[in-house]
*Asks:* 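Take this structure, written in structure tokens, and hold onto it; I'll ask about it next.
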Amino acid sequence: MQEGSAAGAASAYCSPAMAEPKQTYDPATIEPKWQQFWREHDVFRARNPGDPDFDPAQPKFYALDMFPYPSAAGLHVGHPEGYTATDIVSRWKRAKGCNVLHPMGWDAFGLPAEQYAIQTNTHPAETTAANIATFQRQLQRLGFSYDWNRELSTADPKYFRWTQWIWKQLFARGLAYESNAPVWWCEALGTVLANDEVIDGKSERGDHPCERRPLRQWVLRITDYAERLLRDLDGLDWSESLKTMQREWIGRSEGAEIDFDVDGHAEARIRVFTTRPDTLFGASFMVLAPEHPLVGAITTPAQRAAVEAYQKKAAAKSELDRTDLAKEKSGVFTGAFAHNPLFPKGDPRGRMPVWIADYVIVTYGTGAIMAVPAGDERDFAFATQFGLPIPGIFAPQTGDAAKDAAIASGGLCCSEDVPFAAHNTNGELSIAGLGMAEAKRKVVDWLLRKGCGTSKVTYKMRDWLFSRQRYWGEPFPVLHTQDGVELVPDADLPVELPRMEDFKPGGVPESPLIRARDWVSTKDHKGRPAQREINTMPGAAGSSWYFLRFCDPHNDREFCSKAASDYWLPVDLYVGGTEHAVGHLLYSRFWTKVLHDQGCVGVVEPFHKLYNQGMIQAFAYEDARGAVVAMKDVKEVGDDAFHAQSGEKLKRIVTKMSKRYGNVINPDDVVNEYGADTLRLYEMYMGPLADSKPWNPKDVPGVFRFLQRSWRLAVPEFAEKGVVHEWLQQDRQGDPAIEKALHRTIHKVDGDIERLAFNTAIAAMMIFVNEATKATEKLSRGQLLRYAQLLQPFAPHIAEELWQRLGGQGLLARAAWPKVDPALLVDDEIELPIQVNGKLRGRCVVANGADKDTVLAAARAAVADQLDGKQVVKEIVVPQKLVNFVVK
RNA sequence: GCCGGAGUGGCGGAAUCGGCAGACGCACGGGUUUCAAAAACCCGCGCCGCAAGGCUUGCGGGUUCAAGUCCCGCCUCCGGCACCA
């Protein structure tokens, strides 16, 4: 323990050398004691239907944390933030009579474990086991009320046996397929990555450059579920911003596909996707993605060299460069002409040059567009740059004549809903005067009749790239035989990883498993030679269904019994960071829906209420140039900070914790110095759960002092006076003022936990303790027992200790939530602020429920000097709130 | 560029439905206690002003008896998306 710290000083008093034994609040003694007691008595075990002591009358509550990835760095202070929040809710729900499922496990497969294993030259299985042990020890000393009987690890064969089984179900439903399409390859990580793991052409983890490369991969057909993944968001209790992120990721757009003939190429038809089929009359050229398969066939000899050069340049560009150069459009004419289906063959109005340009993306829609410069900013920019025609199609009436004229002539681009001009006709079809919606309908109907177009919905979301070229992941239960792909029978699951000494990526795109020759070569079901799949599953595989396994973690016949998941699902409260907004949360929803369709799970959505905690940040100091100075070079003097070497005055900023800055707070240190209850309480007291907020070491002793004051309310300084104060040793009537304060506090804390406003709940308890401290000897045993009940979800150890000392019945962790008497929430007399012309001028005390005239009379008397000689034009009386006189 | 969220004392934050702005904590100042210090406890603490009083929730307008809260226009910060046809 650190010298001079609050708790450190406290334990010094407890040293045996002291003549009189003091009873100081000493978390180092009481916390391990209660943790051990709770574990030994299995206090937080959740009951499943069918368990001997299961009570069907009890409501269930499933409180879930995003389980951690057990990194070598150990627990970060960010972890206990969300974990404390769900623990408070879990303990509170138990007190309210719920059967609570609050489990914890380990997301143990994945790249970092393998990277770390390579660095330290130890096997990932060993480092992972060691990291799990550390995380477990760190979490267990925080006193979370997890049902540790349900602990699981995704890297445990007993677990991933079922990950493999679920994958087989996906395969059987046609939702898993092999593909050779270009994928994101990251050289530094030696693997391919899914779309959501690549940000601006760099890997999300490690920020390494990535490139598109064709490699054989397993892919899951999540796009088949796009519509349901979108639609079912509506019923979820998630933040709107998170739902928006998912909606945008799914990226639904409604429009039409239209076919264009290519002059002189009877076999070639260019199919485009457009959200504005109504603007077809304004289409003046076509643009294909450089990678579009038709480019080679339609390019004229004269343009071939230029087109191929452009294609080469586009291929060399990463997606990042492509968007970086977005300011200026680039492209090349193919020499070919397509024909607008609105006009008869040969009609010059339908003649459209075909270009290639990298602003058209091959993987979205059909990889080709019809360009309507009058109605699309990008097409407008392209047409302007290359001198292509911009036919005007609109007849706007905005009231701004100059603007209207510019739009009508095609001199100004307009993507809004404005009426079409009279010339939008081909004789058969006219949309003159129509708005967007009606014109769309008419054009698509006409195209449909002519057989060259149809309405169509597309999604931005791509299929889920579901394999990695790495060792430390779930093997696929698949063999490659001479007849093709063959599934490993259920009876042979799990397919375990071979024990390998060298699992480093070997500079080849293939997984290191390719070197495990004895493992790779096997026999198919006919006994003929076959090869195992050497790709492994991505990190998100195991985490896509762990919430299901928690319902029935020891089942060795099924991944989870239907009865168990029917009882527990959906998760009632799921807390974690925003970083999983599209990845994990979308994948889990997808797997749940597939398992639902399979009849294995009743719900269609796994997480009813989802809450994103903010980030815990830290202070750092930067110099005049804006460079962050590492904490070891910072000298703090009072409120100011200086550079230790140069003496330069530094500016305090708030930023993320980082090893480089040396501002990382280790939860273990905080527990050692102040105890787990203080850590939990401080993290909840910092501010709203959803906000990002900086860790301020100076604030921590404040909450410690609060716990100490709570302790002092019950426990005398010297042991000879008893385990609690003399006046608490038997029951008696408590002070009525304290009783009222207590009821108000219970009411406030109850409501605040409900809305996850833990900071204000703690403030309410502090107010109670401040009031109670002023009247310590008037407190009754019953009052303090109820206070301990309130404190229990937040600071369970001290609360349990106080409960025991006060002689509470049984365990506090199992005690019911205290009752509020509504009669005690109202005051007999209330003080009203009195305003004159909206400014506070006085106060008066009236009986609660006094009639308006009584209140007015008292109010007038209280501000008589202000009203003197003035005329009152209006009197506003808001019952229970205030009085306002408007005077002249 | 588009879509979210936010901006309140020296600091973290509170104000849940338009009704006393600044709860609670930190820091700071004063006091009690002490040989002294720490701890503990008590008092004070938005800004200007000796005071009376005035001003104050990023900025500018508006609605209202009353605006941190509602409306309009801007500024700044954070997050997400970003040539998605």
Side-chain angles (χ1 to χ4, degrees), chain A residues 4 6 9-10 13 24 200 239-245 247-249 251-253 255 272-276 279 287 322-323 325-327 329 357-361 363-372 375-379 381-382 415 458-461 578 581-582 612 614-615 619 638-639 652 654 682 685-688 690-703 705-706 708-709 712 717 748 751-752 754-755 757 759-767 769-770 773-774 831-840 843 873-876 878 880-887:
Chain A
Y13 283 115
T24 319
D200 287 340
S239 72
E240 269 317 303
S241 70
L242 193 71
K243 288 196 206 178
T244 302
M245 272 192 236
R247 286 190 189 111
E248 284 175 357
W249 184 260
R252 182 183 201 272
S253 56
V272 305
F273 173 72
T274 175
T275 54
R276 294 293 304 271
T279 61
V287 186
R322 281 202 187 187
T323 48
L325 294 173
K327 283 150 209 134
K329 297 255 183 297
D358 65 6
Y359 82 91
V360 174
I361 298 166
T363 44
Y364 183 75
T366 60
I369 62 155
M370 62 178 210
V372 184
D376 183 285
E377 298 284 352
R378 296 152 302 180
D379 298 343
F382 194 83
S415 52
T458 18
Y459 301 90
K460 256 199 282 192
M461 183 171 68
T578 343
V582 286
N612 286 125
M615 235 201 311
F619 293 133
D639 270 358
R652 192 170 89 172
V654 171
Y682 173 62
Y685 189 62
M686 292 171 78
D691 289 4
S692 289
K693 55 243 158 192
W695 182 280
N696 187 351
K698 285 185 174 165
D699 287 339
V700 180
V703 291
R705 273 200 285 271
F706 158 68
Q708 205 164 36
R709 286 154 65 82
R712 275 285 158 257
E717 198 172 359
K748 172 78 177 151
D752 282 355
E754 179 80 57
R755 63 189 183 104
N759 53 333
T760 50
I762 295 166
M765 289 189 282
M766 286 175 168
I767 292 169
V769 169
N770 289 346
T773 300
K774 288 174 189 155
E831 193 187 53
L832 288 182
I834 302 151
Q835 299 180 336
V836 177
N837 286 342
K839 289 202 199 289
L840 184 67
R843 303 172 170 282
V873 282
K874 202 167 181 182
E875 293 163 333
I876 291 121
V878 185
Q880 319 261 7
K881 293 284 187 199
L882 57 47
V883 179
N884 189 11
F885 294 109
V886 184
V887 301

*Asks:* Quote, to the nearest angstrom, the P distance that separates B:A39 from B:G30.
*Replies:* 15 Å
*Asks:* Once side chain to side chain donor-acceptor pair (under 3.5 Å) is applied, do any residues pair with A:E240, and if so which ones, sequence neighbours excluded?
*Replies:* none
*Asks:* Which listed nucleotide (B:C24, B:A40, B:C20) is nearest to the side chain of A:M766?
*Replies:* B:C24
*Asks:* Using a 4.0 Å heavy-atom cut-off, write out nucleotides 11-19 of chain B from 5' to 3' as B (base contacted by protein), S (sugar-phosphate only) or - (no contact).
*Replies:* SBSSSB--B
*Asks:* Of the options B:C42, B:C26, B:A23, whose atoms approach the side-chain atoms of A:A763 most closely?
*Replies:* B:A23
*Asks:* In whole Å, what separates the C1' atom of B:G58 from that of B:G54?
*Replies:* 22 Å
*Asks:* Kindly write out the residues that satisfy side chain to side chain donor-acceptor pair (under 3.5 Å) with A:E717, not counting sequence neighbours, or none if the list is empty.
*Replies:* A:K22
*Asks:* Check this one for me: any side-chain N or O of A:K874 less than 4.0 Å away from OP1 or OP2 of B:U64?
*Replies:* no
*Asks:* Rounded off to whole Å, could you give me the CZ-to-P distance for the A:R709 and B:C24 pair?
*Replies:* 11 Å
*Asks:* Do A:D691 and A:M686 have side chains that get closer than 4.5 Å, going by heavy atoms?
*Replies:* no
*Asks:* Round to a whole Å and report the spacing from OH of A:Y459 to P of B:A85.
*Replies:* 13 Å
*Asks:* If I take atom NZ in residue A:K460 and atom C1' in nucleotide B:C2, what distance separates them, rounded to the nearest angstrom?
*Replies:* 11 Å
*Asks:* Can you name the residues that form a side chain to side chain contact (heavy atoms under 4.5 Å, CB included) with A:R705, not counting sequence neighbours?
*Replies:* A:P701, A:Q708
*Asks:* Please examine the side chains of A:L882 and A:Q835, heavy atoms only from C-beta on, and report whether any two atoms are closer than 4.5 Å.
*Replies:* yes
*Asks:* Using a cut-off of strictly less than 4.0 Å, decide whether A:R705 has a side-chain nitrogen or oxygen near OP1 or OP2 of B:C26.
*Replies:* yes
*Asks:* Is the glycosidic angle of B:C17 within 90° of 0, making it syn, or outside that range, making it anti?
*Replies:* syn
*Asks:* Could you classify B:G9 for me, syn or anti, using a glycosidic angle within 90° of 0 as syn?
*Replies:* syn
*Asks:* Just the rounded figure in Å: distance from C1' of B:A23 to CZ of A:F706.
*Replies:* 15 Å
*Asks:* If the condition is side chain to side chain donor-acceptor pair (under 3.5 Å), which residues does A:D379 pass it with, not counting sequence neighbours?
*Replies:* A:Y359
*Asks:* Please enumerate all residues that pass side chain to side chain contact (heavy atoms under 4.5 Å, CB included) together with A:V886, with sequence neighbours excluded.
*Replies:* A:N837, A:V873, A:K874, A:I876
*Asks:* For the pair made of NZ in A:K698 and P in B:G10, what is the distance, rounded to whole Å?
*Replies:* 16 Å
*Asks:* Flag the pair A:R843 / A:L840 as yes when at least one side-chain heavy-atom distance between them is below 4.5 Å, and no otherwise.
*Replies:* yes
*Asks:* Between B:C3 and B:C17, how far apart are the two P atoms, rounded to whole Å?
*Replies:* 26 Å
*Asks:* Taking the side chain as C-beta and beyond, is there a heavy-atom pair between A:I762 and A:Y682 under 4.5 Å?
*Replies:* no
*Asks:* Say we look at B:G60 and B:C45: how far apart would their C1' atoms be, to the nearest angstrom?
*Replies:* 32 Å
*Asks:* Rounding to an integer number of Å, can you tell me how far A:L242 CG sits from B:C81 C1'?
*Replies:* 14 Å
*Asks:* Taking the side chain as everything from C-beta on, heavy atoms only, tell me whether A:K460 gets closer than 4.5 Å to A:W249.
*Replies:* no
*Asks:* Nearest to the side chain of A:E248 - B:A85, B:C3, B:C20?
*Replies:* B:C3
*Asks:* Considering only atom C1', compute the distance from B:G62 to B:U16 and round it to an integer number of Å.
*Replies:* 27 Å
*Asks:* Sequence neighbours left out, what passes ring pair (Phe, Tyr, Trp, His ring centres under 6.0 Å) with A:Y685? Give chain and number order.
*Replies:* none
*Asks:* Both A:N837 and A:T773 contact RNA chain B. Taking the nearest nucleotide for each, which residue is further toward the 5' end?
*Replies:* A:T773
*Asks:* Run the side chain to side chain contact (heavy atoms under 4.5 Å, CB included) test against A:D752 and tell me which residues pass, sequence neighbours left out.
*Replies:* A:K748, A:R755, A:A757, A:T760, A:A761
*Asks:* Checking A:E875 now: which residues fulfil salt bridge (charged side-chain N to carboxylate O under 4.0 Å, His left out) with it, not counting sequence neighbours?
*Replies:* A:R860
*Asks:* For RNA chain B, which ranges pair as stems of 3 or more consecutive Watson-Crick or G-U pairs, with both donor-acceptor distances under 3.5 Å?
*Replies:* B:1-7 with B:75-81, B:10-12 with B:24-26, B:28-32 with B:40-44, B:46-48 with B:53-55, B:58-62 with B:70-74
*Asks:* With rounding to whole Å, what would you report as the distance between B:G80 and B:U69 at their C1' atoms?
*Replies:* 26 Å
*Asks:* Rounding to a whole Å, what distance do you find between A:D379:CG and B:A85:P?
*Replies:* 12 Å
*Asks:* Which value, in whole Å, describes the distance between the P atoms of nucleotides B:C83 and B:C77?
*Replies:* 23 Å
*Asks:* Under the rule for side chain to side chain donor-acceptor pair (under 3.5 Å), what residues qualify as partners of A:N770, not counting sequence neighbours?
*Replies:* A:R709
*Asks:* Between atom CD1 in A:I369 and atom C1' in B:A85, what is the gap in whole Å?
*Replies:* 6 Å
*Asks:* Kindly give the atom pairs (protein nitrogen or oxygen, nucleotide nitrogen or oxygen) under 3.5 Å for nucleotides 4-6 of chain B.
*Replies:*
none

*Asks:* Quote, to the nearest angstrom, the C1' distance that separates B:C72 from B:A21.
*Replies:* 24 Å
*Asks:* Map A:L840 and A:T578 onto RNA chain B by nearest heavy atom, then report which one ends up closer to the 5' terminus.
*Replies:* A:L840
